[in-house]
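A short write-up of the structure that comes next.
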2 protein chains.
Amino acid sequence: MATPMDQDIPELNEFLCFEIYASNLSFGRVYKPVLDPLGLTYPQFLVLYLLWRKDARSVGEIAGALGLETSTLTPLIKRLEQAGFVTRKRDPSDERRVKVSLAPRGEVARTHLDEIRDCVGRATGLTLEEAQELQTSLRKLRTHLADS
Amino acid sequence: MATPMDQDIPELNEFLCFEIYASNLSFGRVYKPVLDPLGLTYPQFLVLYLLWRKDARSVGEIAGALGLETSTLTPLIKRLEQAGFVTRKRDPSDERRVKVSLAPRGEVARTHLDEIRDCVGRATGLTLEEAQELQTSLRKLRTHLADS
DNA sequence: ACTATTTATATCGCACACGATACAATCGCA
DNA sequence: TGCGATTGTATCGTGTGCGATATAAATAGT
């Protein structure tokens, strides 16, 4: 506990936004050693995950699902392509779209999904019930933040 | 609800880590229009906040409080200095340390703190009770993740 | 006192993440 | 049919974040 000069200003960790900020960084540090051997970053893993669920999506579709801008995803997906995880090609039915599809290496990475989930799940130290309660609150929070 | 090709793989938003990742991005989007007029980014705001509570901290002390690496903070703090929010000078009692202190513009920014808190607090759409419950869970989660 | 280690910060390269902007393909409407 | 508006991506510049490495100051051990 620090010795604050101003008792009227609370600790930083009494801010919800900071707890989320710091939790996100902590999660990243847990994922890193798990994903590094596969040659993936966490956002790249999220993109692949979407493709494992449904292949051949457009950049905009992926951006919508992740809540990111396409300007963030374009270079990220190009790195995934460069590394052999996905392929990119224009949609013949609408040449404005770029369809992103799984390449062989992307399919292989999928076989590590369970192991990744187990590893990260254990690191949380939460019961399934606690985790789901947290998710429910966060989803509600996220909806409000997005609508505000 | 999408039409998954693989029912054995859950939706992305059933992952706690993704909810936190997405919530963090959403918070950032709420803060941006509030902090932009002040000429601050969210991480820069966090650094100033620490200094409002206790002035004249070393880079390492700030890094520890935020859970960041000093390699992240050095350029960030230099930008704060460049913009006139803080000053940096070597600690005479230990020349390895750099003491970061509030400059006039940093003091002025403090007068907007209440307004920032109100604005962001309202955007969460949570009661004080819900917010505190969430914080408690997140703090517990963060502890586990850091120890794992 | 002198070296070896540790500590505090800085530098560099890479990967997000965003807003602003550009551009080509498509669509809508006269 | 044709032309203006919209849509889908890409590009650019700025600001985090990290690990690896460098460097200078302080400390420890002989």
Side-chain angles (χ1 to χ4, degrees), chain A residues 18 21-48 57-83 85 88-100, chain B residues 18 21-48 57-83 85 88-100:
Chain A
F18 177 70
Y21 172 79
S23 297
N24 185 50
L25 293 178
S26 294
F27 253 125
R29 291 182 197 114
V30 170
Y31 265 102
K32 185 155 183 25
V34 180
L35 293 178
D36 259 358
L38 299 178
L40 289 171
T41 65
Y42 178 61
Q44 288 170 1
F45 166 72
L46 294 181
V47 170
L48 282 190
R57 303 194 191 221
S58 72
V59 176
E61 187 181 352
I62 295 170
L66 296 182
L68 294 173
E69 301 300 318
T70 60
S71 55
T72 299
L73 283 173
T74 296
L76 186 156
I77 291 172
K78 282 188 175 177
R79 279 186 288 269
L80 279 177
E81 182 187 35
Q82 189 65 27
F85 289 103
R88 293 173 350 118
K89 69 162 184 280
R90 291 276 165 187
D91 184 343
S93 72
D94 184 343
E95 289 283 341
R96 292 172 307 178
R97 292 170 187 269
V98 169
K99 284 282 196 186
V100 183
Chain B
F18 176 70
Y21 171 80
S23 298
N24 186 48
L25 292 179
S26 294
F27 252 127
R29 290 181 197 116
V30 170
Y31 264 104
K32 185 153 183 25
V34 180
L35 292 178
D36 259 359
L38 298 179
L40 290 171
T41 66
Y42 178 62
Q44 288 171 359
F45 167 72
L46 294 181
V47 171
L48 282 190
R57 304 195 192 220
S58 72
V59 176
E61 187 181 351
I62 296 171
L66 296 181
L68 294 174
E69 301 299 318
T70 62
S71 54
T72 299
L73 282 174
T74 294
L76 186 156
I77 292 173
K78 282 188 174 178
R79 279 186 288 269
L80 279 176
E81 182 187 35
Q82 188 66 31
F85 289 104
R88 293 173 350 116
K89 68 164 184 278
R90 291 276 165 187
D91 184 344
S93 72
D94 184 344
E95 288 285 340
R96 292 171 308 177
R97 293 170 187 269
V98 169
K99 285 282 195 185
V100 183

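Below, chains carry the letters A, B, ... as their sequence lines are ordered, and counting in each starts from 1.
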Is the distance from OP1 or OP2 of [N] to the nearest side-chain N or O of [X] less than 4.0 Å?
{"X": "A/Arg88", "N": "D/dA10", "value": "yes"}
{"X": "A/Arg79", "N": "C/dC16", "value": "yes"}
{"X": "A/Ser58", "N": "D/dT9", "value": "yes"}
{"X": "A/Arg96", "N": "C/dT26", "value": "no"}
{"X": "B/Lys78", "N": "C/dT11", "value": "yes"}
{"X": "A/Tyr42", "N": "C/dA15", "value": "no"}
{"X": "B/Gln44", "N": "D/dG15", "value": "no"}
{"X": "B/Ser71", "N": "C/dC12", "value": "no"}
{"X": "B/Arg29", "N": "C/dC18", "value": "yes"}
{"X": "B/Thr72", "N": "D/dG17", "value": "no"}
{"X": "A/Thr70", "N": "D/dT9", "value": "no"}

[X] [atom1] to [N] [atom2]: how many Å, rounded?
{"X": "A/Glu81", "N": "D/dT9", "atom1": "CD", "atom2": "C1'", "value": "14 Å"}
{"X": "A/Leu46", "N": "C/dA15", "atom1": "CG", "atom2": "P", "value": "17 Å"}
{"X": "A/Asn24", "N": "C/dA15", "atom1": "CG", "atom2": "P", "value": "19 Å"}
{"X": "A/Ile62", "N": "D/dA10", "atom1": "CD1", "atom2": "P", "value": "11 Å"}
{"X": "A/Leu76", "N": "C/dC14", "atom1": "CG", "atom2": "C1'", "value": "13 Å"}
{"X": "A/Leu66", "N": "C/dA15", "atom1": "CG", "atom2": "C1'", "value": "16 Å"}
{"X": "A/Leu35", "N": "C/dA15", "atom1": "CG", "atom2": "P", "value": "14 Å"}
{"X": "A/Asp94", "N": "D/dT7", "atom1": "CG", "atom2": "P", "value": "12 Å"}

Candidates A/Val100, A/Leu73, A/Leu40, A/Thr41 - the one meeting side-chain contact (heavy atoms from CB on, under 4.5 Å) with A/Leu80: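 Answer to the side-chain contact (heavy atoms from CB on, under 4.5 Å) test with A/Leu80 among A/Val100, A/Leu73, A/Leu40, A/Thr41: A/Leu40.
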
Nucleotide nearest A/Glu69 (side chain, heavy atoms from C-beta), chosen from D/dT16, C/dG19, C/dC16: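 My answer, after comparing the listed nucleotides, is C/dG19.
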
Minimum-distance nucleotide (side-chain atoms of B/Thr74 versus C/dC18, C/dA10, D/dG17):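 The nucleotide sitting nearest to the side chain is C/dA10.
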
Whether A/Arg90 side chain and A/Arg96 backbone form a donor-acceptor pair below 3.5 Å: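 It does hold such a pair.
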
B/Tyr42 and B/Phe27 aromatic centres sub-6.0 Å: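 No, the ring of B/Tyr42 stays outside the 6.0 Å limit from the ring of B/Phe27, centre to centre.
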
Within-4.5 Å side-chain heavy-atom neighbours: B/Lys78 and B/Arg88: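 With C-beta onward as the side chain, the pair touches.
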
Which atom of B/Tyr21 lies closest to which atom of A/Leu46, heavy atoms considered: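 Result for this residue pair: CE2-CD1, 3.6 Å.
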
Taking every non-hydrogen atom, the tightest pair across A/Thr70 and A/Gly60: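 Answer, listing the atom of A/Thr70 first, then A/Gly60: CG2-CA, 4.2 Å.
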
5′-ward residue of the pair A/Glu61/B/Thr41 relative to DNA chain D: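 It is A/Glu61 whose nearest nucleotide is closer to the 5' end.
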
First encountered from the 5' end of DNA chain C, between B/Tyr21 and A/Pro92: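 That would be B/Tyr21.
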
Sugar-phosphate only, base, or nothing, as touched by B/Leu73 at under 4.0 Å among non-hydrogen atoms: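 Contact class for B/Leu73: none.
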
